[in-house]
Amino acid sequence: MSASPPNPITALPRTMPSVLDMALLKNLRKYWATSLAVFVLVVAGTVFFTMGQKRIYEAEATVMFDPSPPRPLGSRVESVVDMGAGTYWNNQEYYETQYAILQSRRVALAVVNDQALHRDAAWLANLPEDASLPEEEGAASDQEVDPDLAAEILRGRLSVQPVIDSRLATVRYQDASPERAQRVLAAVVDTYIEQNLENALASTTSAADWLARQLDSLKTDLESSEIDLHDYKTKNDILSVAFDDKSTMLGEQLSQINHELTRVRAQLQEANARYRQLARARDDDPQRIDSHELLRSPLMGTLRADHAQALSEKKALLGENKGPKHPEVQAADARVRAAEKAILKEVDNVKRAYAADVAVLSSHAGGLMSMLDAAKKQAHEHNLLEIEYKRLNRARENTEKLYSLVLERMKESDLTRMLRVNNVSIVDRPLVPGAPVRPRVTLQLLVGLLLGLALGVGASFGRSLLDRTIKVPEDIEEGLSLTVLGLLPQSAKMKAGAAEGAARRFRGRRAPTGRKPELVVHDEPMGGVAEAARAIRTNLMFMEPDTPYETLLVTSAGPSEGKTTVACCIAITLAQAGQRVVLVDCDLRRPRIRRVFDVEATDGGLTSVLLGEPLDQSTFETSVPGLTVLPAGPVPPNPAELLHTERFKSLLDDLKGRFDRVILDSPPVVAVTDPTILSTLVDGCVLVVRANQTKKNLALHAVRSLRAVGDNVSGVVLNAVDFSRSEYAYSYYEKGAYYGRAADDVGGNDDAPTPLRESA
């Protein structure tokens with residue numbers, strides 16, 4: 001059995017290109033015409049597309065936005081309308097808002113009306129100003145479109161690009177006319193700046209008008225407050241004296257009254273205490289009066305001394321044993337009683353005096369209390385008057401402050417409106433563009449070249465994916481995992497024979513017998529086909545050098561793949577090597593060996609031998625020395641059953657005994673089961689694949705069918721190889737050139753010498 005071929009990828013050195021690069025190069029070699037055609041078409045299409053594109057010019061201007069607008073009047077004078085922003089994120093929102101306003105429909109509509117763009121047919125069609133309009137457009141050149149539609153067209157050609165890390169923005173406008181692009185962009189920028197200033201002035205004017213109305217109202221309110229305050233002061237007889245002074249006076253008065261009332265109340269308390277003490281004093285014994293108030297009186301002392309002296313005199317008289325009725329005693333007793341009466345009278349006088357003092361002090365205290373109540377009432381009334389006064393005065397002061405503030409803001413707004421300060425300015429005004437921005441010829445051509453290369457390579461890959469036919473030996477080795485025994489080129493005679501065979505099959509006519517591609521090895525022994533056939537013969541002989549093949553089956557996956565031609569070429573080369581070879585036509589459905597070697601149809605054949613006729617009567621010598629053929633014979637109704645008989649096996653054994661090599665030509669594997677049966681009876685099997693015709697899946701199906709009954713597939717012969725095709729331009733150029741030189745040298749001469757024989 002044949003050994004599996006070495007993996008060509010693993011056998012490559014590491015310095016060789018990758019598998020992808022090799023596949024790419026292989027596909028490009030195969031389909032270079034397709035790749036080139038696609039490349040040329042893409043590049044040509046790119047050139048025509050680029051040259052046919054409209055030239056578009058782009059004008060640009062630079063605008064600066066200042067979130068902190070200038071303040072000519074100083075930072076203390078604030079504008080009524082804030083034109084900028086504050087924090088970072090507010091700045092970002094401000095910038096984005098301004099970018100949107102620049103591209104707004106309002107600005108675009110103002111520019112359209114100012115420049116009369118809605119009546120400009122060349123601008124509407126985006127054509128140069130001096131370009132002639134087409135007839136259908138020229139007919140409508142005197143008509144105008146809706147300004148809103150023209151504004152949308154203008155917005156579509158306008159763009160704003162902020163300059164990173166700055167307050168600048170680049171405004172771009174594209175047009176087919178460079179002068180018109182500069183003019184329209186200048187109008188856009190000027191209109192935007194003017195509208196920005198008008199918006200600020202309009203807001204300032206609106207605020208100033210509102211402030212003026214508020215000022216008039218506040219002035220009226222202030223005058224009314226002042227009149228109300230004056231009327232209140234007049235009504236309540238309030239002089240232009242501060243309420244605090246009057247409050248101080250009332251406080252001092254209350255303090256004095258309260259102090260005097262306290263003093264009187266203390267005196268009254270003292271008088272009441274003395275009076276109560278006098279009321280508790282004993283008046284039955286003048287000598288035992290203990291009241292301090294009574295004892296403190298000088299008269300009371302004198303009276304008490306007189307009373308004591310009278311008592312002493314009475315006691316002295318009684319001590320002299322004078323009786324009570326003694327005139328001296330009675331006189332003394334009368335003096336005692338007179339003294340007691342005087343003392344009691346004095347006590348009563350003192351009591352009445354203290355009672356009078358208490359009454360006076362009580363009356364005085366009551367008067368002071370009335371004065372205190374009146375003063376308190378006056379103080380409370382003063383507080384009420386002060387509260388109302390302060391309320392009216394506070395209303396007047398607040399109105400006055402508001403009036404002053406509004407008056408100041410109105411004056412500032414008038415100054416701001418007169419200054420016309422704008423926080424947006426033009427840094428670079430638009431210039432007339434010198435070169436178009438579209439089309440980008442260099443870039444588009446470069447893209448076209450790259451796209452052409454990519455599509456060309458893709459087309460080659462696409463063709464390789466769509467084309468499932470076997471073309472080169474690598475397809476066999478990679479797809480079928482079989483050894484390639486050789487390539488059989490297609491000579492001029494084989495091409496002519498194939499053409500005539502096709503005509504015969506198409507028209508139902510028999511081909512002339514003068515051209516037989518199956519005998520090209522015999523007719524042109526030094527030609528390229530003969531050299532290729534001898535290479536196949538050599539590979540077959542060296543597949544099993546110790547046990548060479550005695551019986552060899554030649555088959556194909558499908559019809560018209562050249563299996564009969566290959567079988568004849570192998571048989572002829574073996575015969576030319578000095579071996580006795582028999583070629584058996586086992587294609588019992590469409591036999592061809594009889595026509596190739598001009599065997600009469602009445603003669604016997606394989607079917608006749610299997611039916612009992614002698615083998616010698618059915619075999620025929622050919623014009624090739626050493627080559628005998630056994631034609632198919634009459635077509636049987638059951639070819640598969642006939643080949644599966646013991647008689648056929650005996651016939652093979654008989655042929656092996658008579659000849660050195662037995663070559664069997666069989667029908668296609670996929671079409672019938674005959675080759676599958678025959679493959680089990682032979683030593684080796686050769687599968688014929690026609691280049692650029694046999695499908696990979698069909699060949700794989702044939703290999704699987706043969707391997708399902710045995711593993712004796714020796715290899716594959718790639719038939720009808722056209723070395724002039726691009727896929728053979730490098731890998732097989734030398735071999736094809738060698739074959740071509742050999743054929744040219746021989747010139748198709750049938751009398752050319754036969755090459756040396758090869759041993760078995």
Side-chain angles (χ1 to χ4, degrees), residues 1-3 480 482-483 485-486 536-537 539-557 561-575 579-589 591-593 605-607 609-610 615 619 627-632 639-689 699 702-717 760:
M1 295 299 175
S2 62
L480 305 181
L482 291 176
T483 303
L485 298 174
I536 296 172
R537 177 194 65 189
N539 290 333
L540 284 172
M541 293 303 99
F542 282 95
M543 291 291 291
E544 297 290 341
D546 296 332
T547 57
Y549 298 132
E550 291 182 326
T551 56
L552 189 65
L553 176 66
V554 180
T555 184
S556 63
E561 294 184 357
K563 57 180 180 54
T564 301
T565 301
V566 174
C568 292
C569 291
I570 294 175
I572 292 173
T573 55
L574 290 172
Q579 301 184 22
R580 293 175 295 116
V581 182
V582 60
L583 178 59
V584 182
D585 191 355
C586 294
D587 190 352
L588 302 182
R589 290 174 173 80
R592 293 184 59 226
I593 298 298
L606 176 60
T607 56
V609 173
L610 295 177
L615 180 60
T619 56
L627 177 60
T628 302
V629 296
L630 176 59
E641 289 77 4
L642 192 60
L643 296 175
H644 202 52
T645 60
E646 292 294 330
R647 188 180 296 274
F648 181 75
K649 296 180 182 178
S650 300
L651 175 61
L652 286 180
D653 294 337
D654 191 7
L655 291 174
K656 288 191 291 184
R658 295 187 181 191
F659 299 93
D660 297 328
R661 299 287 185 269
V662 179
I663 309 299
L664 304 182
D665 181 19
S666 70
V669 178
V670 179
V672 295
T673 60
D674 300 0
T676 307
I677 299 173
L678 293 174
S679 64
T680 62
L681 306 177
V682 297
D683 298 331
C685 179
V686 175
L687 182 66
V688 178
V689 172
V703 172
R704 289 175 178 173
S705 299
L706 293 175
R707 284 181 173 174
V709 296
D711 192 11
N712 61 346
V713 181
S714 302
V716 180
V717 173

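Treat the numbers as computed from the prediction; the structure is a model and nothing was measured.
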- Query: For Ala702 and Ala557, which heavy atoms make the closest approach, and how far apart are they?
  - Reply: CB-CB, 3.7 Å
- Message: Using side-chain heavy atoms (C-beta onward) and a distance below 4.5 Å, is Arg661 in contact with Met541?
- Response: yes
- Check whether any side-chain heavy atom of Leu655 sits under 4.5 Å from a side-chain heavy atom of Leu615, and report yes or no. yes
- Task: Apply the test side-chain contact (heavy atoms from CB on, under 4.5 Å) to residues Leu588 and Leu643: give CA-CA distance (whole Å), side-chain angles for both, the deciding distance (0.1 Å), then the verdict.
- Result: CA-CA 9 Å; Leu588 302 182; Leu643 296 175; 4.1 Å; yes
- Please lay out, stage by stage, how Leu574 and Ile663 fare under the test side-chain contact (heavy atoms from CB on, under 4.5 Å). CA-CA 10 Å; Leu574 290 172; Ile663 309 299; 3.9 Å; yes
- Task: List for me each residue that meets side-chain contact (heavy atoms from CB on, under 4.5 Å) alongside Ser650, sequence neighbours excluded, and say none if there are none.
- Result: none
- May I ask you to test the Leu606-Leu651 pair for a side-chain heavy-atom distance under 4.5 Å? yes
- Task: For Glu646, enumerate each residue passing the salt bridge (charged side-chain N to carboxylate O under 4.0 Å, His left out) test, keeping only those at least two apart in sequence or located in another chain.
- Result: Lys649
- Message: Is the shortest side-chain heavy-atom distance between Leu652 and Leu664 below 4.5 Å?
- Response: yes
- Item | Side-chain donor/acceptor of Arg647 to backbone N/O of Leu610, under 3.5 Å | yes
- Got a sec, which residues hit side-chain hydrogen bond (donor to acceptor under 3.5 Å, both in side chains) with Asn539, two or more places apart in sequence or on another chain? none
- Task: Kindly check if the number of other-residue, nucleotide or ligand heavy atoms within 6.0 Å of CZ (Arg707) is above 12?
- Result: yes
- Query: Are any of the side-chain heavy atoms of Leu485 and Leu540 separated by less than 4.5 Å?
  - Reply: yes
- Query: Which atom pair, heavy atoms only, marks the closest approach of Asp585 to Pro591?
  - Reply: OD2-CB, 3.2 Å
- Query: How far does CG of Leu706 sit from CG of Leu687, to the nearest 0.5 angstrom?
  - Reply: 6.5 Å
- For Asp653, check side-chain contact (heavy atoms from CB on, under 4.5 Å) against everything at least two apart and list the hits. Lys656
- Message: Evaluate Phe648 against Leu642 for side-chain contact (heavy atoms from CB on, under 4.5 Å), listing each step before the verdict.
- Response: CA-CA 8 Å; Phe648 181 75; Leu642 192 60; over 6 Å; no
- Query: Do the side chains of Val713 and Leu482 get nearer than 4.5 Å, heavy atoms only?
  - Reply: yes
- Message: The criterion is side-chain hydrogen bond (donor to acceptor under 3.5 Å, both in side chains); which residues satisfy it with Thr555, sequence neighbours excluded?
- Response: Ser666
- Please determine if Lys563 and Asp665 form a salt bridge, counting it only when a charged side-chain N lies under 4.0 Å from a carboxylate O. yes
- Item | Asp587 side chain near Thr564 side chain, heavy-atom distance below 4.5 Å | no
Side-chain atoms of residues 670-682: list all donor-acceptor pairs with protein atoms under 3.5 Å, sequence neighbours left out, distances to 0.1 Å.
{"unit_1": "Asp674", "atom_1": "OD1", "unit_2": "Arg589", "atom_2": "NH1", "d": "3.3"}
{"unit_1": "Asp674", "atom_1": "OD2", "unit_2": "Arg589", "atom_2": "NH1", "d": "2.3"}
{"unit_1": "Ser679", "atom_1": "OG", "unit_2": "Pro675", "atom_2": "O", "d": "3.4"}
{"unit_1": "Ser679", "atom_1": "OG", "unit_2": "Thr676", "atom_2": "O", "d": "2.7"}
{"unit_1": "Thr680", "atom_1": "OG1", "unit_2": "Ile677", "atom_2": "O", "d": "2.6"}

- Message: Please determine whether side-chain contact (heavy atoms from CB on, under 4.5 Å) holds for the pair Leu627 and Ile572, giving the CA-CA distance in whole Å, both sets of side-chain angles, and the decisive distance to 0.1 Å.
- Response: CA-CA 7 Å; Leu627 177 60; Ile572 292 173; 3.8 Å; yes
- Query: Given side chains that start at C-beta, do those of Val662 and Leu552 come closer than 4.5 Å, heavy atoms only?
  - Reply: no
- How would you list, by chain and number, every residue that makes a side-chain hydrogen bond (donor to acceptor under 3.5 Å, both in side chains) with Thr628, sequence neighbours excluded? Glu621
- Task: Taking Asp683 for its side chain and Pro548 for its backbone only, find out whether a donor-acceptor pair lies under 3.5 Å.
- Result: no
